Amino acid sequence: MIKNLRKLAVTSIAALSLIFATSCGSDDDGTTTVDPASKEELKGNLTEDLTLDATIAYKLTGTYTVKSGNKLTIPAGTVITANSDAGSSATNIFIVIEQGAEIEINGTASLPVIMKSSDEKAGDWGGLVICGEATTTEGIDAIAEVGGLIYGGTNDADNSGKINYLIIKHAGAQINAESQFNGLTLYSVGSGTSISNVAILDGKDDGVEFFGGTVSATNLYFENNDDDSVDWTEGWNGTITNTYVLHTIEGFSTAIEADGENKNPKVVNFTAVSTTGGTALQFKKESGATITGLSLTGYDTSVDFKDDGAASNVKIEGEDANSDLNYTNPATVDVTLFDWVKSNQSIDATLLQGTLEGELTLDASKSYVLNSSYIVQNGAKLIIPAGTKITARAGGTGVYLAVLKGGTIEINGTAAEPVVIASAEGKPSDWGGLVICGDATTTEGVDAVAEIGGFIYGGNNDADSSGKVSYLVLRGTGAQINSESQYNGLSLYAVGSGTTIENIAVYDGADDGVEFFGGTVDASNIYIENTQDDAIDWTEGWNGTLTNTYVSHTETGFSTAVEADGTNGNPTIANFTAISTQGGTALQFKKQSGATMTNVFLTDYTTNVDMKDDGPVTNVIVNGTPLTTVTDNVFNGTAVDILGWTWRNASL
């Protein structure tokens, strides 16, 4: 944070002269005006209106000050490089827009304006500083530590210009032990100023800081700034809308830091993601805000009242802020809103989170992180090529991959290069799992609501296709939603027969390996090892076919190899092997459920068949003959040969 020093007295005429020589409100007849026709170097004072030339590679070699009454226009595609080798210290290299001056940045999505350092190191330069005449708790003509800049007045509608499609990198030069520059510093900037589509990356201090003022901003992206992404103080009371914060390296401070008096600024649609823990929102003194559309993922602390300020000062979704809540709602801002940043700079595209619209093919050469919920929307398609490895953050129920009804997933693993989605340590309940919702029939009817995510599933199209899942290894799934509901490794909600499910391995899940909620989908070559609940589970009238299944129970705590529940859709189970070293129950049928089974091989279970609710044992047909008792000796078929299933051993 840049700290402001309000100087109450100036006893030295020399000191007074120095302040006015460097302040926003000064009149300096000895200024140096940049001549765009002859200079690529930006340094000194601009005393006339100037439009830069996007074909020129500009170098910022010192402090470049747009004097009061003048306007700097920067066209789309302009690149300004702060040159740290020019003999000036990093703290002397920045752009200043004085009180009464204007800046107009006219970038576009395809041609943003870029400001960066030559060495591409955080803290190489000071960033962009704008001084306005709106109100601040520091009063009129306050003085900042940055060059004695004067800011603050009584005109809350003050206009300092326009910023659209701007990328700032490597800013945040350190002034002293207590003070640093930010990427974008806004001193008492008024509501007449337009700020939209701004990305601030790899800064040494804050991304953007508001010192009082009334300005609002929309579509803000912050990645790996070492201090706060968004910071405000001195009674700022504007609005930020559609903000996305990403923290993937150690050492950052917070996504939001607020300080000073509470003028109740608005934060609308704010998504912040961390892969390194930390604190998301910090409020100091009596600061506060009204926040709607908040989504926080991966933080150790969601809200911190640093100085024990009143929680009622911070309203989140209409309620007082609660430090005990995680606010892990689905992302309210889709990172694809900032594809214009990705296409022009190297932002982290390997984090899978939020929602997917359209079609996306992953790159097997990259290491992906499933950092939160990642939801393939209706009409969208996710393609995962052979050999892709996705590390699921150990975030429990907040981390899962879901394909909504009408969406499509295509996992194209091979025996030589399976796809792996697993938590780093592979511990049960580290993350949720893979959820697919289809349009086939279920006894729950059309547009049923899933216990997972409230997703909609079920229809009348039994031939529905949700895509293809082939050669997939899942580890560490099964996070618990509540006392009654958990994720499974693979959850299939009303998935239709047009979907391909084959060569799936699920290890060490805290709940089921694969569960079918109605639907007509078939599955083949399924390997389940040491899931703590059922290996295979079906309900809601599933009536597909399961072929070549191998279940291994070598640890205590599992439930069954098969659990079937609800109406009997008479699914077909062909070539089913289950082996236990822990006893237990192999096949459990609840209510009226049943199945037609051939070639079943069960070894070392205490109980082979359990009709949990005394349903008719004849609903279970084995090798063409209905069971007569639960002790019928018919489960001594030929074991499924898995010697060739070496793909199942794949890991991250």
Side-chain angles (χ1 to χ4, degrees), residues 426-429 433 474-480 483-491 504-516 523 526-539 542 546 548-566 568 571 573-617 619-623 627-642 645 648:
K427 295 179 179 178
S429 80
L474 301 168
R475 296 177 184 267
T477 59
Q480 183 159 331
S483 59
E484 300 298 323
S485 303
Q486 302 83 22
Y487 286 87
N488 309 296
L490 176 59
S491 299
I504 310 295
V506 183
Y507 290 84
D508 302 319
D511 202 62
D512 304 338
V514 178
E515 183 163 4
F516 301 86
I526 307 298
Y527 181 87
I528 313 291
E529 181 175 313
N530 290 332
T531 51
Q532 294 178 1
D533 201 15
D534 318 304
I536 302 293
D537 193 338
W538 69 79
T539 185
W542 172 62
L546 184 66
N548 297 338
T549 304
Y550 194 102
V551 176
S552 174
H553 287 136
T554 64
E555 297 180 2
T556 58
F558 73 92
S559 176
T560 59
V562 165
E563 179 185 279
D565 195 4
N568 183 19
I573 311 299
N575 303 332
F576 186 93
T577 295
I579 297 173
S580 174
T581 64
Q582 304 296 321
T585 297
L587 313 177
Q588 184 178 82
F589 296 90
K590 297 179 177 180
K591 298 179 182 177
Q592 298 297 309
S593 58
T596 294
M597 311 181 77
T598 58
N599 190 34
V600 180
F601 180 82
L602 305 177
T603 297
D604 294 332
Y605 289 90
T606 307
T607 301
N608 282 341
V609 178
D610 174 29
M611 305 304 292
K612 178 72 172 177
D613 302 312
D614 298 322
V617 70
N619 283 352
V620 182
I621 302 168
V622 181
N623 299 328
L627 290 183
T628 57
T629 70
V630 295
T631 59
D632 286 0
N633 185 23
V634 292
F635 301 110
N636 52 4
T638 302
V640 174
D641 184 2
I642 61 170
W645 292 13
R648 67 186 173 86

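The model shown is predicted, which means the values in this text are computed figures rather than measured ones.
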*Only counting residues at least two apart or in another chain, list the ones meeting side chain to side chain donor-acceptor pair (under 3.5 Å) with Thr603.*
none
Return the minimal non-hydrogen interatomic distance between [X] and [Y], and the atom names on each side.
{"X": "Gly583", "Y": "Thr606", "result": "CA-OG1, 3.4 Å"}
{"X": "Thr638", "Y": "Asn599", "result": "N-OD1, 2.7 Å"}
{"X": "Ala586", "Y": "Leu602", "result": "CB-CD1, 3.8 Å"}
{"X": "Asn575", "Y": "Val640", "result": "O-CG2, 3.4 Å"}
{"X": "Phe601", "Y": "Ala639", "result": "CD2-CB, 3.8 Å"}
{"X": "Gln532", "Y": "Pro428", "result": "NE2-CG, 3.3 Å"}

What distance separates [X] [atom1] from [Y] [atom2], expressed to the nearest 0.5 Å?
{"X": "Thr477", "Y": "Asn488", "atom1": "OG1", "atom2": "CG", "result": "7.5 Å"}
{"X": "Lys612", "Y": "Thr585", "atom1": "NZ", "atom2": "OG1", "result": "8.5 Å"}
{"X": "Asn619", "Y": "Lys591", "atom1": "CG", "atom2": "NZ", "result": "14.5 Å"}
{"X": "Ile528", "Y": "Asn530", "atom1": "CD1", "atom2": "CG", "result": "11.0 Å"}
{"X": "Asp537", "Y": "Asp565", "atom1": "CG", "atom2": "CG", "result": "7.5 Å"}
{"X": "Gln588", "Y": "Asp610", "atom1": "CD", "atom2": "CG", "result": "4.5 Å"}

Do [X] and [Y] come within less than 4.5 Å of each other through their side chains, counting heavy atoms only?
{"X": "Val600", "Y": "Val634", "result": "no"}
{"X": "Asp632", "Y": "Val622", "result": "no"}
{"X": "Thr539", "Y": "Glu515", "result": "yes"}
{"X": "Thr549", "Y": "Ile573", "result": "no"}

In terms of relative ring orientation, are [X] and [Y] parallel, tilted or perpendicular, with 30° and 60° separating the classes?
{"X": "Trp542", "Y": "Phe516", "value": "parallel"}
{"X": "Trp538", "Y": "Phe589", "value": "perpendicular"}
{"X": "Tyr605", "Y": "Phe558", "value": "perpendicular"}

*asked:* Would you say Asn568 and Gln592 are linked by a side-chain donor-acceptor pair, where the criterion is simply a distance under 3.5 Å?
replied: no
*asked:* Side chains of Asp604 and Thr581: any donor to acceptor distance under 3.5 Å?
replied: no
*Which of these, Thr531, Asp534, Asp512, Asp511, sits in a side chain to side chain donor-acceptor pair (under 3.5 Å) with Ser559?*
Asp534
*Taking the side chain from Tyr550 and the backbone from Ile579, do they hold a donor-acceptor pair closer than 3.5 Å?*
no
*Would a distance-only check, ignoring hydrogens and angles, find a side-chain to backbone donor-acceptor pair under 3.5 Å from Gln582 to Thr554?*
yes
*Between Phe576 and Phe635, ring centroids under 6.0 Å*: no
